[in-house]
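I have placed the structure first, in the form of structure tokens, so that the comments after it can refer back to it.
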Amino acid sequence: MLSSITTILFSLFFFFLTCFNGPTMVDSLDTFHLPSPLPKWPPGLGFASGTIDLGGLQVSQVTTFNKIWTTNEGGPDNLGSTFYEPVAIPQGFSSLGSYAQPNNIPLFGHILVVKDASNDPLNPTLKPPIDYTLLWSSESLDIKKDGEGYIWLPNAPDGYKAVGHIVTGSSVKPSLDKVSCVRVDFTDTTNSTFDGLVNENDLDLFGLNAYHSMSGFVVGSRGVANLKGNLSKSMPNLNQIKALIQTYSPVIYFHPDEQYLPSSVDWFFQNGALLYHKGDESKPNQIDKNGLNLPQGGSNDDTYWLDIPLDGSSKDRVKKGDLQDACAYFHVKPVSGALFTDIAIWVFYPFNGGSRAKVKFVNLSLGKLGEHVGDWEHVTLRISNINGELNSVFFSQHSWGKWVSASALEYHTGNKPVVYASLHGHASYEKPGCVLLGSGGTDVGVRDDTAKSDKMMDTGVRAVVIAAEYLAATAVVEPPWLNYERKWGPKIDYDVDKEISKVKRVMIWKLKKAFERLMESVPREVLGEDGPTGPKEKNSWNGDETV
């Protein structure tokens with residue numbers, strides 16, 4: 001698969017044969033539904049109204065499909081993928097493409113449909129394609145499959161863009177009225193969703209570069225655009241944001257052995273956190289409540305950093321955090337042309353604990369490796385602005401992460417997803433267990449252990465919205481600490497290589513070699529060499545989640 005995607009395929013895939021009897025209607029029992037009905041959202045403009053008006057172009061979505069074609073191997077769990085066409089398209093609307101997803105999760109998707117509302121016959125917002133280009137065929141694949149599949153790119157007329165690909169079960173070109181192309185001023189080619197990220201819905205089409213997108217999958221970067229939304233007509237207002245938080249705010253489970261729990265930022269400041277300035281390290285400053293005396297703006301130039309108290313007892317207490325006081329911090333932003341809302345949920349830990357490793361049959365502590373002050377972690381909810389439904393969740397995991405479909409999540413109560421925070425490192429996972437980091441193999445790696453315990457945090461309790469830039473400037477006031485763009489912890493004052501050598505001394509030769517290969521493959525971020533920066537300094541703050 002390509003490591004980078006330059007376009008997003010919002011729409012999904014079209015009709016084709018799964019067997020000799022033609023397409024079959026998908027039974028509603030085969031389709032995933034959120035555990036609880038959606039609430040009645042507070043009133044507003046276009047958010048969750050069922051249709052978004054882009055000003056001459058109306059957008060809605062269809063979630064009822066015919067099953068078209070299936071591969072029975074490849075992809076996640078080697079279970080293959082299935083392709084669908086939308087049915088029951090509302091009167092006056094037309095499809096933008098077809099839908100597909102892997103077979104290891106329940107069916108849960110939608111296809112965007114559009115309607116020309118411009119009343120301008122000389123310059124309509126939609127036109128049919130003028131032809132199709134065949135991008136891929138399954139004919140030469142020696143795999144388990146139901147019939148054959150063909151993927152087509154609609155060739156748009158001048159001044160228009162295709163927004164989706166079409167799948168058929170025949171080598172005959174689709175009819176020109178199967179899909180619409182969108183006038184270029186309603187499209188955008190700059191957004192790059194799921195760029196290089198692991199995704200539970202990635203497809204394996206045996207030679208075709210295909211990636212999951214929020215509305216189907218992306219076929220390389222071959223000539224498709226995204227719809228461009230309308231912030232004023234599709235994004236949630238503040239009351240709707242609060243309702244979304246109460247509906248979907250995740251519940252985080254911490255490992256039963258976790259010592260280093262989250263706290264609120266204010267608690268961290270009020271319990272002795274210190275601000276250091278380069279050249280004046282002997283005179284650190286106590287941080288004011290809410291970070292009022294933190295330097296604002298500037299850049300992360302190593303001239304300022306935060307640290308925990310100097311006093312031993314205070315230091316140990318602050319390291320452990322205060323779960324009863326902990327807050328989750330919510331950043332609300334538009335993605336995919338404001339057809340979706342992302343709610344990034346940030347959790348602060350005063351301290352990140354040491355790492356642990358598995359080398360063959362041995363589990364061992366890595367001493368100080370992985371320790372650092374000030375750990376920021378997050379998960380992101382992706383919500384459809386058309387109906388307010390949760391689409392997927394991004395789980396951040398050290399310097400990477402992955403998207404998981406709402407249909408593959410565990411839920412605590414109602415529609416609140418469960419998140420598992422890894423022991424000491426606080427990476428986020430959708431299910432409990434042990435993940436081994438690094439390229440040491442199935443029995444060698446740095447351990448990320450997760451498990452359910454009575455240590456838990458409902459992120460909707462004491463929720464704080466810290467930013468929603470698309471709203472009026474007075475709607476959400478950013479706390480001063482959010483604009484502190486320096487380090488939340490000091491640079492580690494121990495030698496990582498020296499710590500690795502300490503661990504190696506107690507290992508026999510074969511284990512030592514495996515451990516050396518592991519340490520070469522693990523990102524230094526996991527080993528904790530430097531103090532982290534805050535949420536606003538992350539690449540994902542101003543756009544989509546990125547590695």
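As the structure is a computational prediction, the values presented were derived from the model and not from experiment.
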Mark yes or no for whether Gln240, through its side chain, and Asn237, through its backbone, hold a donor-acceptor pair below 3.5 Å. yes
So do Phe254 and Met457 actually touch side chain to side chain, heavy atoms under 4.5 Å? yes
Looking only at the aromatic ring of each residue, does the gap between the centers of Trp541 and His331 stay below 6.0 angstrom? yes
Smallest heavy-atom separation, Phe186 atom then Leu54 atom, equals CE2-O, 3.4 Å
Tell me yes or no: between the side chains of Thr51 and Ser49, is some donor less than 3.5 Å from an acceptor? no
Heavy-atom donor-acceptor pair, Ser540 side chain to Glu545 backbone, under 3.5 Å: no
So does Pro42 get a backbone contact from the side chain of Asn239, meaning a donor-acceptor N/O pair under 3.5 Å? no
Donor-acceptor check, side chain of Thr71 to backbone of Ser81, threshold 3.5 angstrom: yes or no? yes
Okay, side chain of Ser60, backbone of Gly50: is any donor-acceptor separation there less than 3.5 Å? yes
Would you say NZ of Lys452 has more than 12 non-hydrogen atoms from neighbouring residues, nucleotides or ligands within 6.0 angstrom? yes
About how many Å separate CG of Asp53 and NZ of Lys115, when rounded to the nearest 0.5 Å? 10.5 Å
Which heavy atom in Ile245 sits nearest to a heavy atom in Gly460, and how many Å separate them? CG2-CA, 4.2 Å
Polar side chain donor-acceptor pair, Thr82 to Trp69, under 3.5 angstrom: no
Between Trp376 and His378, is the ring centre distance below 6.0 Å? no
Whether the side chain of Tyr248 engages the backbone of Leu390 through a donor-acceptor N/O pair (distance < 3.5 Å, no angle test) should be reported. yes
Minimum side-chain heavy-atom gap Val476-Ile466 below 4.5 Å: no
Closest heavy-atom contact between Phe47 and Gly388? CZ-CA, 3.9 Å
Would you check, one step at a time, whether the test side-chain contact (heavy atoms from CB on, under 4.5 Å) holds for Lys416 with Asp458? CA-CA 9 Å; Lys416 298 167 78 68; Asp458 185 338; 3.1 Å; yes
Is there a donor-acceptor pair under 3.5 Å between the side chain of Ser407 and the backbone N or O of Phe32? no
Return the minimal non-hydrogen interatomic distance between Ile241 and Ala468, and the atom names on each side. CD1-CB, 4.5 Å
Enter the distance from Ser95:OG to Ile89:CD1 here, rounded to the nearest 0.5 Å. 5.0 Å
Without hydrogens or angle criteria, can the side chains of Asn300 and Thr533 be said to hold a donor-acceptor pair below 3.5 Å? no
Will you find, in the side chains of Thr125 and Asp116, an N or O donor that is under 3.5 Å from an N or O acceptor? yes
Leu153 and Ala162 have their tightest heavy-atom pair at CD1-CB, 4.4 Å
Check whether Gln61 reaches the backbone of Leu112 with its side chain - one donor and one acceptor, N or O, closer than 3.5 Å. no
Determine the interplanar angle of the His412 and Tyr253 rings, folded into 0 to 90°, and report it as parallel if under 30°, tilted if 30 to 60°, perpendicular if over 60°. tilted
Side-chain (Thr450) to main-chain (Gly433) donor-acceptor, under 3.5 angstrom: yes
Taking the inter-plane angle between the rings of Trp152 and Tyr132 on a 0 to 90° scale, is it parallel (under 30°), tilted (30 to 60°) or perpendicular (over 60°)? perpendicular
Shortest non-hydrogen pair, Tyr470 vs Pro334, comes out as CD2-CD, 4.0 Å
Tell me, do Lys431 and Glu410 make a side-chain contact under 4.5 Å, heavy atoms counted? no
For Asp158, I'd like to know if atom CG has over 12 heavy atoms of other residues, nucleotides or ligands within 6.0 Å. no
Flag the pair Leu134 / Tyr150 as yes when at least one side-chain heavy-atom distance between them is below 4.5 Å, and no otherwise. yes
Salt bridge or not for Glu139 and Lys145, using N-O below 4.0 Å? no
Consider only side-chain N and O atoms of Asn155 and Thr133, and report whether a donor and an acceptor are under 3.5 Å apart. yes
Just verifying a value: how many Å separate Lys228 NZ and Lys161 NZ, rounded to the nearest 0.5 Å? 12.5 Å
Hey, could you give me the CG/CD1 distance between Asn72 and Ile143, rounded to the nearest 0.5 Å? 8.0 Å
Would you call Pro236 and Leu244 a side-chain contact if the rule is heavy atoms closer than 4.5 Å? yes
State, with a plain yes or no, whether a side-chain heavy atom of Val347 is found less than 4.5 Å away from one of Tyr329. no
Side chains of Gln101 and Tyr84, donor plus acceptor under 3.5 Å: no
For a ring pair (Phe, Tyr, Trp, His ring centres under 6.0 Å) with Phe394, tell me which candidate from Phe340, Tyr429, Trp403, Trp400 qualifies. Trp403
When you look at Val335 and Thr341, which way does the side-chain contact (heavy atoms from CB on, under 4.5 Å) test go after all the steps? CA-CA 6 Å; Val335 290; Thr341 292; over 6 Å; no
Answer yes or no: does atom CG of Asn123 have more than 12 heavy-atom neighbours from other residues, nucleotides or ligands under 6.0 Å? yes
Hey, are the side chains of Val379 and Thr459 touching, using non-hydrogen atoms and a 4.5 Å cut-off? no
Report yes or no: do His398 and Asp448 form a side-chain donor-acceptor pair below 3.5 Å? yes
Are Glu389 and Ser384 linked by a side-chain donor-acceptor pair shorter than 3.5 Å? no
Would you please test Phe348 and Glu377 for side-chain contact (heavy atoms from CB on, under 4.5 Å) and show each step? CA-CA 7 Å; Phe348 176 72; Glu377 300 291 345; over 6 Å; no
Could you go through the side-chain contact (heavy atoms from CB on, under 4.5 Å) check for Val182 and Leu96 one step at a time? CA-CA 9 Å; Val182 180; Leu96 289 172; 3.8 Å; yes
